[in-house]
Amino acid sequence: MMKYDMLTILGPTATGKTQLAARMAHRLNGEVLSADSRQIYRGMDLGTGKDLADYVVEGSRVPCHLVDIANAGEQYNVFEFQRQFILAYEDILSRGKFPVFCGGSGLYLEAVLKGYRLTQVPSDKSRRAELSQFSLEELTEILKGYKSVHNTSDTETKNRAIRAIEIEEYLRSNPDLNFEFPSLNSLIVGVQFDRDTRRERITARLKQRLKEGMIEEVRGLLDGGLNPDDLTYYGLEYKYVTLFLIGELSREEMFERLNIAIHQFAKRQMTWFRKMEKEGFVIHWLDGFMPMEEKVAFIDRLLF
RNA sequence: GGUGCCAUAGCUCAGUUGGUAGAGCAACGGACUGAAAAUCCGUGUGUCCCUAGUUCGAUUCUUGGUGGCACCA
């Protein structure tokens, strides 16, 4: 009998997580829930490594949730992700299927696995009008009075700062509204390669995706009316290819800097996973070089 | 072949009027609860090309090599 409600497969980029997740879902009569903060966007495929072929196992297609659920350029966030996760999760259970959660976005993985308490916070027009009288510096001070501001993403623009303050004030005046996110008893498996291999794989995959039309994909998004700043904000592929397309980087600089940025990203992902382990999550790591059948057997032994 | 310039961190280079050296990038470690592929913090990892001198002391000055670049043949 199964000891867990869910199987989670995580790991840094370019480790073959998705194929393994699809394989396990196929085996367990399950469906995949993606934990990827960029694959949620439609039309962002090559640059996010969204490969639909990964979901085809032995000729049948494993259903996949939380991919292609927002338009490129739209705003998305952890709260929204958590909300949509639970809907998809319950839908999967109601159909008697087994959920396999798979991805590399640490914050999104943790929001689900740890059950972050996040509340729907409505916008408050009159409060926003009041706050908009303040300068960005003053807003930053107000926000600091509510919480420790650990990075600048909340205080880069007045709109962001006002929203952050709005959330803090709402939570303070409505302390009972925090809803309990169900605690999930998930088996967590991590896939990783040694550092040198990880880097080689990232570089090889980047070259491959450039050949497959990644630049054209980004050009298409720009032609479709997306603002270069919005695309740049998505980071990595979308950032550096956009900078190349608007003439700020040569093709060679784009490749080199993007390659480095992806290596650095993979490192940050590993830092996040180590933090999760320090907090008490048990991640059963397996070597990416292990043949698929052995990976499956490894997970089977843990599941049953 | 001759002349000149250069050789310092993984890379590009600075510097030491002679007291064993530091920037950028890379690399490494960390943080993270409403944009997270974002954002932010920390760390110098070194036969200062080799050799022989001068000197209390040489990465620095001198000799001779080696390698690279430029110009002249």
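Chain letters run A, B, ... following the sequence lines, proteins first and then strands; every chain starts at 1.
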Tell me the interatomic distance from [X], atom [atom1], to [N], atom [atom2], rounded to whole angstroms.
| X | N | atom1 | atom2 | result |
| --- | --- | --- | --- | --- |
| Phe273(A) | G30(B) | CZ | C1' | 16 Å |
| Ile262(A) | A26(B) | CD1 | P | 14 Å |
| Arg257(A) | G24(B) | CZ | P | 16 Å |
| Gln269(A) | G30(B) | CD | P | 14 Å |
| Phe79(A) | C32(B) | CZ | C1' | 20 Å |
| Arg199(A) | A27(B) | CZ | C1' | 7 Å |
| Glu277(A) | G30(B) | CD | C1' | 15 Å |
| Lys275(A) | C32(B) | NZ | P | 5 Å |

Can you tell me how far [atom1] in [N] sits from the matching atom in [M], rounded to whole Å?
| N | M | atom1 | result |
| --- | --- | --- | --- |
| U55(B) | U3(B) | C1' | 32 Å |
| C13(B) | G64(B) | C1' | 28 Å |
| U17(B) | U51(B) | P | 24 Å |
| G24(B) | G18(B) | C1' | 28 Å |
| G67(B) | C28(B) | P | 35 Å |
| G4(B) | U45(B) | C1' | 36 Å |
| U59(B) | C71(B) | C1' | 29 Å |
| G57(B) | G44(B) | P | 32 Å |

Salt-bridge present ([X], [Y]; N to O < 4.0 Å):
| X | Y | result |
| --- | --- | --- |
| Asp287(A) | Lys295(A) | no |
| Arg251(A) | Glu256(A) | no |
| Arg163(A) | Asp154(A) | no |
| Arg127(A) | Glu166(A) | no |

Give a yes/no answer on whether the side chain of [X] brings an N or O atom under 4.0 Å of OP1 or OP2 in [N].
| X | N | answer |
| --- | --- | --- |
| Arg268(A) | G30(B) | no |
| Lys267(A) | A27(B) | no |
| Arg195(A) | C28(B) | yes |
| Lys239(A) | U39(B) | no |
| Arg274(A) | G30(B) | yes |
| Ser105(A) | A36(B) | no |

So which one's nearest nucleotide on RNA chain B is more toward 5', Lys114(A) or Gly235(A)?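 Closer to the 5' end of RNA chain B: Lys114(A).
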Closest-nucleotide mapping onto RNA chain B: is Tyr41(A) or His263(A) further toward the 5' terminus? I mean the 5' end.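 In this pair, the answer is His263(A).
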Could you check whether Glu74(A) and Asn71(A), counting side-chain N and O atoms only, form a donor-acceptor pair closer than 3.5 Å?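 A pair is found: one side chain offers a donor N or O, the other an acceptor, under 3.5 Å apart.
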Have a look at [X] and say if it touches a base, only the backbone sugar-phosphate, or nothing, with a 4.0 Å heavy-atom cut-off.
| X | value |
| --- | --- |
| Arg83(A) | nothing |
| Leu107(A) | base |
| Glu237(A) | base |
| Tyr76(A) | sugar-phosphate |
| Thr48(A) | base |

Any side-chain heavy atom of Met254(A) sitting closer than 4.5 Å to one from Leu245(A)?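 Counting from C-beta outward, Met254(A) and Leu245(A) never come under 4.5 Å.
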Validation row: Tyr76(A), Ile69(A) side chains within 4.5 angstrom (heavy atoms):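 Yes; the side chains approach each other to less than 4.5 Å.
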Taking Thr13(A) as the fixed residue, which of Arg198(A), Arg205(A), Arg201(A), Gln269(A) is the one that meets the side chain to side chain donor-acceptor pair (under 3.5 Å) rule?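 With Thr13(A) as partner, Arg198(A), Arg205(A), Arg201(A), Gln269(A) yield a single side chain to side chain donor-acceptor pair (under 3.5 Å), made by Arg205(A).
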Of all the nucleotides listed (A27(B), A36(B), G30(B)), which has the minimum atom distance to the side chain of Thr271(A)?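 Nucleotide nearest to Thr271(A)'s side chain: G30(B).
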For RNA chain B, stems built from three or more consecutive Watson-Crick or G-U wobble pairs below 3.5 Å: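 Correct response: B:1-7 with B:66-72, B:10-13 with B:22-25, B:27-31 with B:39-43.
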Determine whether the aromatic ring centres of residues Tyr116(A) and Phe79(A) are separated by less than 6.0 angstrom.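 Judged by ring-centre distance (under 6.0 Å), Phe79(A) and Tyr116(A) do not meet the cut-off.
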